[in-house]
Amino acid sequence: MSEFAAELLGTMILIILGAGVVAGTELKKSKAAGAGWVLVTIGWGLGVTMGVYAAGNISDAHLNPAVTLGFAAIGEFPWAKVPAYISGQILGAIIGAMIVYFQYLPHWRETEDKGAKLGVFATGPAVRSYPSNLVSEIIGTFVLVMGLLFIGANEFTEGLNPAVVGLLIVAIGMSLGGPTGYAINPARDLGPRIAHAILPIIGKGGSDWSYSPIPVIGPIIGGVYGAIFYHAFFDGNMGASFWIMSAVVAIILATAFVTEQHRDKHAVS
């Protein structure tokens with residue numbers, strides 16, 4: 001199996017189990033309907049675990065463009081392989097989302113809530129404020145990539161690493177996922193959003209393309225900065241890229257803060 005195929009397969013499994021648990025909790029007449037956020041975070045964590053087991057021996061199971069770009073940014077992954085990895089990840093996410101559609105085929109008709117249907121496929125903000133939503137995705141993915149590098153720096157019993165990565169995803173979902181639904185993965189959001197747009201889902205509504213850049217740009221910034229931050233503080237390589245990315249993140253944080261302050265003043269008045 002090629003690395004492209006491994007990334008496709010691993011990401012497909014991730015989305016089948018991850019989007020599948022959201023469908024189970026959100027769609028009407030599902031036996032898991034209403035099971036809640038804790039089940040969703042556990043389902044996504046297990047989905048990542050199984051995706052990593054599927055692809056890990058072949059491609060190291062990035063399953064996430066933010067991880068691929070982050071590792072490439074610090075020289076841990078060759079830039080020449082980046083296009084194949086990312087294209088495999090996005091295609092795998094599209095296929096995985098389509099499989100979830102067929103798994104819950106009768107339930108789309110039973111569910112009137114257009115937002116719930118979109119939520120099976122793509123993330124959305126609890127409070128729509130794009131600068132703050134961007135910050136949430138940056139922080140979540142920063143923690144993800146830093147966590148992956150922490151895990152890689154430690155020795156675990158053979159075969160246990162994917163399970164530890166899954167626990168990291170659960171922790172991020174429970175602690176940081178509330179504001180935006182924690183895409184922390186451009187392929188995880190973009191691929192299923194494309195599937196939502198093209199599938200004949202009854203009464204589905206729009207695919208919220210106005211929000212779609214946030215779960216792509218945020219994870220890329222967070223993933224690259226997480227890798228560079230780790231490289232700077234743990235490997236002692238505090239070069240120009242660290243200071244440039246730090247400045248970019250600081251500007252985004254300041255923009256979000258000023259935006260929310262402005263909103264608070266308008267709310268009071």
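Keep in mind that what you see is a predicted model, and the values were worked out from it rather than measured.
Within the 3.5 Å criterion, the main-chain N or O of V38 finds a donor-acceptor partner in the side chain of T41. With hydrogens and angles disregarded, no donor-acceptor distance shorter than 3.5 Å links the side chain of W44 to the backbone of G173. Side-chain N or O atoms of K114 include none that pairs as donor or acceptor with a backbone N or O of G206 at under 3.5 Å. Within the 3.5 Å criterion, the main-chain N or O of W108 finds a donor-acceptor partner in the side chain of K117.
Under the side-chain hydrogen bond (donor to acceptor under 3.5 Å, both in side chains) criterion, the residue pairs touching residues 219-245 are Y225-S246, H231-D235, H231-N237, with sequence neighbours excluded. Each salt bridge (charged side-chain N to carboxylate O under 4.0 Å, His left out) pair with one or both residues in residues 171-195, not counting sequence neighbours, appears once here: D189-R193. Residue pairs meeting the side-chain hydrogen bond (donor to acceptor under 3.5 Å, both in side chains) criterion with at least one partner in residues 130-150, sequence neighbours excluded, are R128-Y130, Y130-S210, S132-E260, E137-T180. Here salt bridge (charged side-chain N to carboxylate O under 4.0 Å, His left out) pairs that include residues 82-105, with residues two or more places apart or in two chains, number zero. Among residues at least two apart or in separate chains, side-chain hydrogen bond (donor to acceptor under 3.5 Å, both in side chains) pairs with a member in residues 48-59 are E7-S59. Under the salt bridge (charged side-chain N to carboxylate O under 4.0 Å, His left out) criterion, no residue pair touches residues 53-77, with sequence neighbours excluded. Listed by first and then second residue, the side-chain hydrogen bond (donor to acceptor under 3.5 Å, both in side chains) pairs involving residues 17-38 are K29-E110 (not counting sequence neighbours).
With hydrophobic clusters built from ILVMFWY side chains whose heavy atoms lie under 4.5 angstrom apart, V120 shares a cluster with L105. Cluster annotation: I194 is connected to I217 through the hydrophobic network of ILVMFWY side chains, with a link wherever side-chain heavy atoms come within less than 4.5 Å.
Through side-chain heavy atoms spaced under 4.5 Å, either directly or across other Ile, Leu, Val, Met, Phe, Trp or Tyr residues, I202 is tied to no other residue. Grouped with I251 in a hydrophobic cluster is no other residue, since no side-chain heavy-atom contact under 4.5 Å to another Ile, Leu, Val, Met, Phe, Trp or Tyr is found.
For F71, the ring pair (Phe, Tyr, Trp, His ring centres under 6.0 Å) criterion is met by H62, not counting sequence neighbours. A197 meets the side-chain contact (heavy atoms from CB on, under 4.5 Å) test with S207, W209; sequence neighbours excluded. Every residue meeting the side-chain contact (heavy atoms from CB on, under 4.5 Å) condition with N154, not counting sequence neighbours, appears here in chain and number order: F156.
Taking 4.5 Å as the limit, every side-chain heavy atom of V224 sits out of range of all side-chain heavy atoms of I74. Side-chain atoms of F77 and L69, non-hydrogen and from C-beta on, never get closer than 4.5 Å to each other. By the 4.5 Å heavy-atom criterion applied to side chains, M98 and I95 are not counted as neighbours. Within the 4.5 Å cutoff, the side chain of F234 has no heavy atoms near those of the L149 side chain. Side-chain contact between I15 and P192: present, with at least one pair of heavy atoms (C-beta onward) separated by less than 4.5 Å. Between N64 and L144 the shortest side-chain heavy-atom distance falls below 4.5 Å.
A distance of 9.5 Å separates CG in N185 from CD1 in I90, rounded to the nearest 0.5 Å. A distance of 14.0 Å separates CD1 in I201 from NE2 in H107, rounded to the nearest 0.5 Å. Rounding to the nearest 0.5 Å gives a distance of 10.5 Å between CG of L190 and OG1 of T123. Here L199 contributes atom CG and F102 contributes atom CZ; the two are 7.0 Å apart, rounded to the nearest 0.5 Å. Atom CG of residue L118 and atom CG of residue D113 lie 10.0 Å apart, to the nearest 0.5 angstrom. Taking CG of L63 as the reference point, atom OG1 of T68 lies at 8.5 Å (rounded to 0.5 Å).
Checked against the 6.0 Å centroid criterion, the rings of F142 and F229 qualify as a close aromatic pair.
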>> Please evaluate residues I86 and Q89 with respect to the criterion side chain to side chain contact (heavy atoms under 4.5 Å, CB included), reporting the C-alpha separation (whole Å), side-chain torsions for both, the decisive distance (0.1 Å), and the verdict.
In response: CA-CA 5 Å; I86 292 179; Q89 291 155 5; 3.9 Å; yes

